[in-house]
Amino acid sequence: MLSHSTRRWLAGLGVAGAFIAASATPAAAAGSQIKLGLYFGDTTIATNSDGKIERSTIYSSAPTVLHDVTVRYDFSDLAGKVTVSEAEDAGNTCTTPSEYVLLCTDPFDVDADEWGSSAIFEVQLKTTTKAQDGDAGTLKVTMTAAGYDPVSHDAKIRVGEGVDLAAGPEVKASAAPGKTFTAPATVSNAGGATAKGAVAIFYNDYGMNAAKHYSNCTYVGDELRTCRFDEELPVGSTFSASLPYALGADSYAPGAKYGEIVWMTRSEFEDFQSYLDHYDVTIGEPGTDGTLALTALPSKATAQGFQADPQPENNGTIVRVDVTGKNGTDLEALGTSLTGKAGTTVKATVGLRNNGPATLDYSRAGSSITYLSFDVPQGTTAVLVPENCLTRNGDNWGEPGEPGHRNYFCYFGSLLKAGESDMLDFALRIDKVVANATGLVKINATCQCDGGFTRDLNPANDTAKVVVNAASGGNGGQGGGDGGTLPITGANTALIAGVGALLLAAGAAGYVVSRRRKTRFVA
């Protein structure tokens with residue numbers, strides 16, 4: 001399963017099929033446009049350790065349910081060096097048809113989409129007693145499903161010396177919007193071998209901007225993503241680097257922002273880089289402000305071959321920044337006015353705008369910034385509905401994007417910057433022209449759901465209207481119209497081509513371009 005932080009890095013790939021394009025051998029069902037892809041990450045394993053539990057991920061260019069799914073792990077290229085076995089409590093049925101092949105089947109149907117199936121076919125990779133630092137080979141993974149051609153992926157597996165990188169304690173800082181602060185990145189070598197360098201991966205909230213761009217670190221804009229250190233870390237040593245930050249002037253206050261720092265060996269970072277490359281995600285570009293150095297002197301000890309951390313549980317730490325002062329925001333509901341003849345279909349674009357001064361960022365929780373309710377105007381029927389809108393009756397929820405209901409409840413992305421808007425497109429069929437037929441749009445709607453903004457600076461503009469009237473020269477609701485044509489009125493004049501073209505307005509997730517919108521409704 002993709003971790004939440006990694007999903008944020010992968011947020012720019014919200015287009016169905018983007019992952020499939022990265023797969024070397026996509027598979028399609030006969031007579032179907034749905035294509036499948038398979039991925040298994042490159043992995044470096046420490047000798048004399050419990051190994052690592054990894055998993056296969058299946059992707060689909062469109063949501064689908066797969067039947068009779070089987071994954072075959074062929075590790076003959078690693079014979080005598082690495083074993084592959086079923087992970088404990090994985091819930092699969094695995095057999096060994098030959099000495100260096102593991103065949104796993106899932107007793108249940110598998111849901112797959114462009115984000116990939118979650119935690120499927122977990123296996124344990126472990127070195128043998130004969131394995132040595134520097135050993136490497138290929139693990140060939142092949143998946144079959146009923147009605148599809150097989151799809152494969154080759155993963156590079158390496159054996160390395162075990163080193164235990166341990167992150168420093170939780171860091172606490174405070175600053176007002178627009179002000180600077182510093183936070184250390186600290187790592188210790190808690191193992192029994194010298195670590196040949198280390199790489200820090202950063203997952204920082206929106207608005208935790210890098211105040212300097214170092215040449216051994218990478219950035220996307222002012223977002224710090226990685227820092228690579230070539231200093232060797234002797235056993236028992238601790239190193240630290242001081243990182244300067246500047247809080248964005250649009251940071252919400254009072255509040256808090258968080259960052260995560262995860263340490264990897266250089267070999268493990270190469271595996272991670274391959275993972276990101278597979279998804280076409282960049283770690284950014286190096287800076288030009290000189291080299292960021294760790295504060296301890298490098299050891300003269302040496303290390304050979306690859307290196308892997310046998311205890312990754314202690315590799316991460318948290319940076320908490322208390323945002324002081326007062327800096328709130330005003331969300332404004334946006335409606336529209338529409339005209340059309342009876343029998344025609346018009347597009348109603350509704351949504352909200354962040355009037356600032358603060359940006360709202362719920363990315364770490366992965367929840368919607370707010371919720372919107374929409375009452376469909378009298379005399380119209382919602383024939384096309386965004387996928388992030390549902391109908392509800394008390395604790396009962398309808399299906400996403402289901403047409404034909406009178407009321408809808410919608411969610412948004414996790415980040416909305418000050419000055420930006422987030423819009424939804426409904427297609428309304430005018431069944432009967434009713435003078436000034438009005439539907440109500442309300443934001444900051446109450447819901448027993450994750451997230452949802454509640455401290456609006458100006459609640460008076462949290463509602464807006466969608467008003468439908470007859471077009472000039474209309475037939476007054478006497479039927480007829482333009483048949484199958486789809487005239488579009490209102491603020492947006494783009495033609496609706498069908499259900500698949502009702503794309504949601506992109507809500508920036510803060511880390512790449514946009515994130516796929518998901519939320520969890522709690523009854």
Side-chain angles (χ1 to χ4, degrees), residues 1-13 18-24 37-46 52-57 59 115-116 125 133-139 141 153-163 165 167 185 187 195-204 210 213-221 223-233 241 259-287 291-292 294 303 305-310 312 315-316 511-513:
M1 177 185 292
L2 302 180
S3 70
H4 179 64
S5 296
T6 303
R7 280 179 182 264
R8 296 168 72 188
W9 266 29
L10 303 179
L13 299 178
F19 297 126
I20 306 305
S23 174
L38 178 71
Y39 181 74
F40 192 98
D42 294 346
T43 307
T44 304
I45 316 166
K52 291 183 178 180
I53 294 178
E54 301 293 342
R55 66 208 63 177
S56 296
T57 306
Y59 302 103
W115 277 115
L125 281 66
D133 177 19
D135 286 342
T138 298
L139 172 64
V141 186
H153 182 84
D154 290 347
K156 180 170 61 178
I157 309 299
R158 303 185 296 185
V159 175
E161 180 183 36
V163 295
L165 297 179
V187 62
K196 188 171 64 175
V199 181
I201 314 297
F202 298 86
Y203 303 101
N204 292 328
H213 292 199
Y214 295 100
S215 59
N216 58 323
C217 301
T218 61
Y219 306 82
V220 174
E223 176 199 345
L224 171 62
R225 289 204 166 176
T226 71
C227 286
R228 176 188 174 106
F229 301 99
D230 293 330
E231 294 90 339
E232 291 183 342
L233 286 68
E260 298 171 58
I261 306 174
V262 178
W263 290 91
M264 296 182 180
T265 69
R266 294 196 302 188
S267 298
E268 289 172 322
F269 179 73
E270 291 173 359
D271 297 336
F272 185 62
Q273 178 74 71
S274 176
Y275 173 67
L276 295 178
D277 289 345
H278 180 79
Y279 295 117
D280 197 26
V281 174
T282 179
I283 62 170
E285 298 296 329
T291 301
L292 177 67
L294 294 172
F306 310 126
Q307 290 190 320
D309 195 326
N315 288 24
Y511 282 86
V512 189
V513 178

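Starting from 1, each residue takes its place in the sequence as its number.
At a threshold of 4.5 Å between non-hydrogen side-chain atoms, the residues Met264 and Phe272 count as touching. Contact annotation: the side chain of Phe269 approaches that of Ile283 to within less than 4.5 Å [non-hydrogen atoms, C-beta and beyond]. For the pair Asp135/Asp133, no side-chain contact is recorded, criterion being any heavy-atom separation below 4.5 Å from C-beta on. Arg225 places a side-chain heavy atom less than 4.5 Å from the side chain of Glu223. Between Leu224 and Cys217, some side-chain heavy-atom pair lies under the 4.5 Å cut-off. Side-chain contact between Ile157 and Thr138 is absent, with no heavy-atom pair separated by less than 4.5 Å. Side-chain contact between Ile261 and Tyr203: absent, with no pair of heavy atoms (C-beta onward) separated by less than 4.5 Å.
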- Task: Kindly indicate, with the supporting measurements, whether the criterion side-chain contact (heavy atoms from CB on, under 4.5 Å) is fulfilled by Phe229 and Leu292.
- Result: CA-CA 8 Å; Phe229 301 99; Leu292 177 67; 4.0 Å; yes
- Item | Asp42 and Gln273: CA distance, side-chain angles, deciding distance, side-chain contact (heavy atoms from CB on, under 4.5 Å) verdict | CA-CA 9 Å; Asp42 294 346; Gln273 178 74 71; over 6 Å; no
- Task: Verify side-chain contact (heavy atoms from CB on, under 4.5 Å) between Thr282 and Val220, making sure each step is shown before the conclusion.
- Result: CA-CA 8 Å; Thr282 179; Val220 174; 4.2 Å; yes
- Item | Derivation of the side-chain contact (heavy atoms from CB on, under 4.5 Å) call for Leu139 and Thr43 | CA-CA 10 Å; Leu139 172 64; Thr43 307; over 6 Å; no
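Side-chain atoms of Thr44 never come within 3.5 Å of backbone atoms of Gly160 as a donor-acceptor pair (strictly under, hydrogens ignored). At least one donor-acceptor pair closer than 3.5 Å links the side chain of His153 to the backbone N or O of Phe40. Put simply, the side chain of Thr218 never gets that close to the backbone of Asn216: no donor and acceptor are under 3.5 Å apart.
Note: Tyr39 and Tyr279 meet the aromatic proximity criterion, with ring centroids under 6.0 Å apart.
Contact record, Gly41 with Ala155: O-CB, 3.8 Å, taken as the closest heavy-atom pair. The shortest non-hydrogen separation linking Ala198 to Trp263 is CB-CE3, 3.9 Å. Closest approach of Ser215 and Pro286 over heavy atoms only: O-CB, 3.5 Å.
Defined by atom type and a distance below 3.5 Å, a donor-acceptor pair is present between the side-chain atoms of Glu268 and Thr265.
Rounding to the nearest 0.5 Å places CD of Glu231 at 4.5 Å from CG of Leu294. The line from CZ of Arg266 to CZ of Arg228 is 4.5 Å long, rounded to the nearest 0.5 Å.
Partners of Asp154 according to the salt bridge (Lys or Arg N to Asp or Glu O under 4.0 Å) rule, which considers only residues two or more places apart in sequence or in another chain, are Lys140. Remark: Asp271 pairs with Arg158 by the salt bridge (Lys or Arg N to Asp or Glu O under 4.0 Å) rule, at least two apart or across chains.
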